[in-house]
There are 2 protein chains.
Amino acid sequence: MAAPREDGLKYERVLNALRSRIADGTYPPGMMLPSQSRLVAEFDVSRPTVIEALRLLRQEGLIESQTGRGSFVRGKVPTLSLERAYPGQRLLDLAESESLAELLQAGIIVAPTRVTTLLELPAGSKAFLRQYVLSDEDGPVELVSAWFPIDLVTGTKLTSPEPMDEGIRRHLYGRKRLRLDYAVERTLARSATADEAQVLKVPAGAPVLNLVVTGHDADGRALQLVDAVLPGDRHELRDAYPLT
Amino acid sequence: MAAPREDGLKYERVLNALRSRIADGTYPPGMMLPSQSRLVAEFDVSRPTVIEALRLLRQEGLIESQTGRGSFVRGKVPTLSLERAYPGQRLLDLAESESLAELLQAGIIVAPTRVTTLLELPAGSKAFLRQYVLSDEDGPVELVSAWFPIDLVTGTKLTSPEPMDEGIRRHLYGRKRLRLDYAVERTLARSATADEAQVLKVPAGAPVLNLVVTGHDADGRALQLVDAVLPGDRHELRDAYPLT
DNA sequence: TAATCCAACTTGACATGACAGGTTGGCGAA
DNA sequence: TTCGCCAACCTGTCATGTCAAGTTGGATTA
């Protein structure tokens, strides 16, 4: 009666089965799923287990349920969505695995006002900067600057120009007991600076999309700022999600 | 033992109580919540009910749970997040309640390529456009264009220049049985066109942030396109969310 | 024929009980 | 003193059963 721990969780088995039936068209959009009691019979699990699987499908936007009627397949949200919804989340992760990036500089320099403001540092103070460019086959597509308050990085491996062997987050937690808790993401359009234009190989003053993401600990203190600049006319951010 | 339907659901009572204790600092960030069994005793509900409340708190990013240890209060995500995560969702809603907006035009005109492509219409075809400007005390801040395929709006009240008395979505569903199922959102930076510059009162060619949101039905057909242009240097999109 | 009522389904909300497996702190042995 | 073991907690998962409430379609009635 208890739990077959080996081959995965029961609600996951139901979840995966239903998800793939939706994906391969066995249950086309608009169709009603088998009722909960029917699923109970088919998968030989209890109703709460079925309900858990349906809840997750609903959360993924794949189905919707109406009491008294049933659960129905929704249209296909072009995958991705959900987990990778926030571009900024990708950026914070990126600062950890900079595999395909070319490091431009790593060092302590005077931070621009925008950075000191968001990191809550005194104006004119210095901060640690790691900056790199991401490219695809057509050339540079993204200029990423990761800023850290100095007191966070002194005595850590962040200051060395070599790639990090462990993630930044784990590193900060190990050394300073600091954990990122939430992020604030700002999106704006502006003209490229001369430096940016040169690195990204766009005309000076060309419109660029600028993402500024700050990572905060549970007390609201800003621990990290990642600034991404991408050429506005050549790249766009795309995101898909279900409507309710 | 069954259900006091009148005064709200039990898991909601627990949820609200815990949420307000987190909000008012009774449970400060980092603190461990009372264990599930303690909450069962305090609220006089069953454990599944407590678990449901905790699940929702976790989903809101307010707490995090570790098996074997307990549930812990996370830092304050500056509210909003969650529901209002997608700027595009706001835009699709906006097209329904255009209270504070000034209507610039409403009519059928030849659609630009970008619009016909995304709405999957033949190049050069006409489409229905409703266009308005949103302003705040400093002047115009957003130029919004809502496009619809012609066959969707003929015979509906959408073509009249008066504000709609019922929402666009409900209207479409009532007349044509069409339901928006998911949205695709694109964010890019570009230079303002002459028209846009004039309406938004920015210099010609100034960088603008451009959101293009398409609403699709369950079959993937694009039913609606909303294009928002905002002056890049004066306004930014901001979003906050928990990190996991 | 048309309106009404009801039985059969369906989802949602809970209670109770049970076991698995991670975490922690204290106690006793080396 | 230090290491290792173990009992006490804690969350996660799952089964079984109950009741409420919305929906639907067919039988009954006016």
Side-chain angles (χ1 to χ4, degrees), chain A residues 1-19 22 27 30-74 173 177 179 244, chain B residues 1-19 22 27 30-74 173 177 179 244:
Chain A
M1 260 108 274
R5 278 317 130 186
E6 338 95 31
D7 61 334
L9 305 174
K10 291 201 177 181
Y11 75 86
E12 278 187 342
R13 276 188 25 234
V14 180
L15 174 66
N16 290 329
L18 294 179
R19 189 157 42 204
I22 292 174
Y27 300 153
M31 180 181 179
M32 181 184 156
L33 290 186
S35 75
Q36 295 178 356
S37 57
R38 231 176 273 276
L39 293 174
V40 164
E42 176 184 347
F43 290 98
D44 190 34
V45 295
S46 71
R47 200 160 80 98
T49 302
V50 167
I51 288 178
E52 175 70 12
L54 292 177
R55 179 213 310 286
L56 293 172
L57 286 176
R58 214 175 304 127
Q59 201 172 309
E60 292 175 30
L62 287 176
I63 67 169
E64 97 193 88
S65 305
Q66 290 165 255
T67 77
R69 297 196 57 212
S71 296
F72 300 85
V73 180
R74 302 190 49 178
Y173 185 64
R177 292 292 116 149
R179 281 188 54 168
T244 48
Chain B
M1 258 107 273
R5 277 319 130 185
E6 339 94 31
D7 61 333
L9 306 175
K10 291 200 177 181
Y11 76 87
E12 279 186 343
R13 276 189 25 235
V14 179
L15 175 66
N16 290 329
L18 294 179
R19 189 157 42 203
I22 291 173
Y27 299 153
M31 181 180 177
M32 180 182 155
L33 290 185
S35 75
Q36 295 178 358
S37 56
R38 232 176 274 277
L39 292 174
V40 163
E42 176 184 345
F43 290 99
D44 191 33
V45 295
S46 72
R47 201 159 81 96
T49 302
V50 167
I51 288 178
E52 176 69 13
L54 292 178
R55 179 210 313 285
L56 293 172
L57 286 176
R58 214 174 307 128
Q59 202 172 308
E60 292 175 30
L62 287 176
I63 67 170
E64 99 193 84
S65 305
Q66 292 167 252
T67 76
R69 296 195 57 211
S71 297
F72 300 85
V73 181
R74 303 190 47 178
Y173 185 64
R177 291 291 118 150
R179 280 187 55 169
T244 48

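Numbered from 1 within each chain, the chains take letters A, B, ... in sequence-line order.
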Handout entry: Nearest listed nucleotide, side chain of Thr49(B), among dT13(D), dC10(D), dC14(C)
Key = dC14(C)
Problem - Rounded distance in Å - CG (Leu56(B)) to P (dC14(C)) - result: 11 Å
Handout entry: Audit row: Thr49(A), Phe43(A), side-chain contact (heavy atoms from CB on, under 4.5 Å) steps and yes/no
Key = CA-CA 10 Å; Thr49(A) 302; Phe43(A) 290 98; over 6 Å; no
Exercise for the section: Kindly say if Arg38(B) contacts the phosphate of dC10(D), meaning a side-chain N or O under 4.0 Å from OP1 or OP2. Expected result: yes
Problem - Atom pair CD (Glu64(B)) and CZ (Arg74(B)), whose distance is rounded to the nearest 0.5 Å - result: 5.5 Å
Completion exercise
From CD of Glu64(A) across to P of dT10(C) the rounded distance in Å is 18 Å
Practice task
To the nearest 0.5 angstrom, please state how far the CG atom of Asp44(B) sits from the NZ atom of Lys10(B).
Solution key: 6.5 Å
Exercise for the section: May I ask you to evaluate whether Ser65(B) reaches the phosphate of dC10(D), defined as a side-chain N or O under 4.0 Å from OP1 or OP2? Expected result: no
Exercise for the section: Let me know the distance between CZ of Arg13(A) and P of dT13(D), rounded to the nearest Å. Expected result: 15 Å
Practice task
Output yes when at least one side-chain N/O atom of Thr67(A) is less than 4.0 Å from OP1 or OP2 of dT23(D), else no.
Solution key: no
Exercise for the section: Between Gln66(A) and Gln66(B), name the one whose nearest nucleotide on DNA chain D is closer to the 5' end. Expected result: Gln66(B)
Completion exercise
In Leu18(A), Leu62(A), Leu39(A), Ile63(A), the residue satisfying side-chain contact (heavy atoms from CB on, under 4.5 Å) with Ser71(A) is Ile63(A)
Exercise for the section: With rounding to the nearest 0.5 Å, note down the distance linking CE in Met32(A) to CD in Gln66(A). Expected result: 10.5 Å
Completion exercise
When rounded to whole Å, the CG to P distance for the pair Leu33(B) and dG12(D) reads 11 Å
Practice task
Tell me what Ile51(A) touches on the nucleic acid: a base, only sugar-phosphate, or nothing, going by heavy atoms under 4.0 Å.
Solution key: nothing
Practice task
Determine: side-chain N/O of Tyr11(B) to OP1/OP2 of dA13(C), distance under 4.0 Å, yes or no.
Solution key: yes
Problem - Under 4.0 angstrom between Ser37(A) side-chain N/O and dT10(C) OP1 or OP2 - result: yes
Practice task
Would you kindly check whether a donor in the side chain of Arg47(B) faces an acceptor in the base of dT13(D), or vice versa, at under 3.5 angstrom?
Solution key: yes
Completion exercise
Leu15(B) atom CG is separated from dA13(C) atom C1', nearest whole Å, by 15 Å
Between the protein and nucleotides 24-27 of chain C, list the N/O to N/O atom pairs that are separated by less than 3.5 angstrom.
residue : atom : partner  : partner atom : Å
dT24(C) : OP1  : Arg69(B) : NE           : 3.0

Exercise for the section: Starting from the C-alpha separation in whole Å, work towards a yes-or-no answer on side-chain contact (heavy atoms from CB on, under 4.5 Å) for Tyr27(A) and Leu33(A). Expected result: CA-CA 7 Å; Tyr27(A) 300 153; Leu33(A) 290 186; 3.3 Å; yes
Practice task
Rounded off to whole Å, could you give me the CZ-to-P distance for the Arg58(B) and dC10(D) pair?
Solution key: 16 Å
Exercise for the section: Test Leu15(B) against Glu60(B) for side-chain contact (heavy atoms from CB on, under 4.5 Å), laying out the working first. Expected result: CA-CA 11 Å; Leu15(B) 175 66; Glu60(B) 292 175 30; 4.3 Å; yes
Handout entry: salt bridge (charged side-chain N to carboxylate O under 4.0 Å, His left out) involving Arg55(B) - partner list, sequence neighbours excluded
Key = Glu52(A), Glu52(B)
Problem - Nucleotide dC19(D), atom C1' - distance to CG of Leu9(B) in whole Å - result: 14 Å
Exercise for the section: Look at Arg55(A) and dG12(C) and indicate whether a side-chain polar atom (N or O) is within less than 4.0 Å of OP1 or OP2. Expected result: no
Practice task
Would you classify Glu52(B) as touching base, sugar-phosphate or nothing, given that sugar-phosphate means primed atoms plus P, OP1 and OP2, and contacts are heavy atoms under 4.0 Å?
Solution key: nothing
Exercise for the section: Check whether any side-chain nitrogen or oxygen of Gln36(A) sits under 4.0 Å from OP1 or OP2 of dG12(C), and answer yes or no. Expected result: yes
Problem - Under-4.0 Å side-chain N/O to phosphate OP1/OP2 contact, Ser35(B) with dC10(D) - result: yes
Problem - Distance in angstrom units between Leu39(B) CG and dC9(D) P, rounded - result: 16 Å
